[in-house]
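For this chain, numbers begin at 1 and follow the sequence in order. Computed from a predicted model, the values in this text were never measured in an experiment. Counting convention: from 1, in listed order, for ligands and their atoms alike.
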Amino acid sequence: MLVKNAKFFLDGKMTEKDILMEGGRIKSLGHFPGNGMDASGYLVLPGLIDAHVHLRDPGATQKEDFRSGTRAAIAGGITTVLDMPNNNPPTTTLARLEEKRAIASRKAVCDYGFHFGAGTNNFGEIERARPGSLKVYMGKTTGDLFLPDDRLVFLHFQNFPKKKPIVVHAEDQTIIDTEGRTPLAARAAAAKAAMLAEKAGRTICIAHASTAREMELAKRWKKSFVETCPHYLFLNEEKVKRLGNFSRVNPPVRSERERRKMWAALGMVDYVSTDHAPHLPEEKEKGAAGFPGLETSLALMLDAYNKRQIGMEWILSRMCENPARIFNIKGKGKIAPGFQADLVFVDLRKEWKVRAERMQGKCGWTPYEGMALKGKAEKVIFRGELVFEGDAITGKSGIGKEVMA
Ligand code: DOR
Ligand code: ZN
């Protein structure tokens with residue numbers, strides 16, 4: 001398969017070349033004879049990697065499953081998702097990881113990997129399962145995964161292979177219990193996690209940083225990567241107040257002042273994930289925390305790019321290259337010979353309105369409903385095959401494969 005006249009970034013410079021693909025990989029870049037898919041008018045990005053999603057399968061497939069969730073990913077220009085372990089029951093044993101593997105291999109339409117849950121007493125299971133990544137919860141949230149004791153956090157930091165990533169939900173439970181999910185709860189846990197990581201001699205990832213101060217504290221110890229999510233960059237307390245019960249997310253969306261500080265500190269962000277955490281409207285009404293995000297994340301960034309708020313290099317590094325590097329995902333995150341042929345055709349001039357009813361995900365609502373955006377993923381090639389065009393997903397269930405294994 002051949003893509004003609006593709007505009008894309010090569011070694012940091014915008015270039016225009018044909019992309020020749022073979023066996024699901026990029027074979028070479030250049031100018032080739034013959035017909036192909038014409039990419040004129042689009043910017044071509046490598047498939048995005050979303051390192052933090054909750055696909056709810058098994059356990060809560062009314063909210064999402066591996067098919068609906070990976071279809072939502074593809075529609076958003078994301079070709080690799082890393083699924084979180086806070087299922088019911090949590091992914092804390094080899095048997096449960098294998099069960100998830102079997103489900104994903106039947107249903108996924110994009111590539112996927114799994115974060116394994118750090119439990120109070122599952123060190124043996126971790127050793128047997130040899131997962132590609134571990135998730136540590138320092139505060140309570142959806143599901144039962146939570147380490148009630150810093151010694152357990154430290155033990156996991158010491159125990160888990162140092163070359164593999166550990167992702168930390170950094171909200172301090174003692175502070176949550178006394179004053180709620182404040183910025184202090186987040187920065188206290190982030191600082192503590194970063195210190196313990198350095199003491200254990202390992203790197204960690206601070207998930208969903210919601211304040212600049214927390215990023216700064218985490219970065220003071222040299223071993224921490226920082227993740228943030230679109231809702232901390234594009235929403236504030238004022239805006240989500242209108243959502244009523246639908247506004248809940250852990251950590252919460254912050255004040256406009258905090259949001260602005262996040263923008264001023266974008267250099268400290270290592271990667272952007274969605275923390276796609278879908279719940280049905282009736283579950284939100286009852287207080288469930290979490291936002292869906294797979295189908296809006298890239299578009300929000302493209303809109304910001306169009307407004308000259310961020311550069312395309314920032315988007316490419318934080319949503320493609322860095323997550324591939326940090327999570328040891330081979331052959332992804334770049335358009336280069338030998339890399340997987342996952343390509344997103346972006347129309348930077350497309351003006352559109354976010355509508356939940358047009359989405360692939362199951363939850364049926366979005367915190368960005370009605371927002372006017374400029375820029376959108378219009379086509380997606382996955383492993384060398386066209387799997388998304390306009391609004392139609394043609395990729396078959398089961399074409400996704402496991403990464404980070
Ligand atoms: O808002 C959230 N929802 N925060 C989390 O940490 C978990 C997530 C979920 O799984 O619903
Ligand atoms: Zn999450």
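- A salt bridge does not link Lys100 to Asp57: none of the charged nitrogens lies less than 4.0 Å from a carboxylate oxygen.
- Of the charged side-chain nitrogens involved, at least one lies within less than 4.0 Å of a carboxylate oxygen, so that Lys379 and Glu389 count as a salt-bridged pair.
- Looking only at its N/O/S atoms, His52 has NE2 as the one nearest to the Zn ion (ligand 2).
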Give the C-alpha distance, both sets of side-chain angles, the deciding distance and a yes or no for side-chain hydrogen bond (donor to acceptor under 3.5 Å, both in side chains) between Lys284 and His279. CA-CA 6 Å; Lys284 290 297 288 179; His279 298 281; 5.7 Å; no
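- In the displayed structure, Lys334 atom NZ is contacted under 6.0 Å by at most 12 heavy atoms of other residues, nucleotides or ligands.
- Listed by chain and number, residues touching ligand 1 at under 4.0 Å (heavy atoms only) are His54, Arg56, Asn86, Thr141, Thr142, His169, Val249, Asn250, Ala277, His279, Ala289, Gly290.
- Using the six-membered ring where Trp is involved, His52 and His208 have ring planes that are tilted, between 30° and 60° apart.
- Here the straight-line distance linking atom OG of Ser224 with atom CZ of Arg202 works out to 10.5 Å at 0.5 Å rounding.
- Checked for salt-bridge contact, Lys13 and Asp11 miss the test: no charged N lies under 4.0 Å from a carboxylate O.
- Of all N/O/S atoms in Asp275, OD1 sits nearest the Zn ion (ligand 2).
- Contact annotation: His169 places no N, O or S atom under 2.8 Å from the Zn ion (ligand 2).
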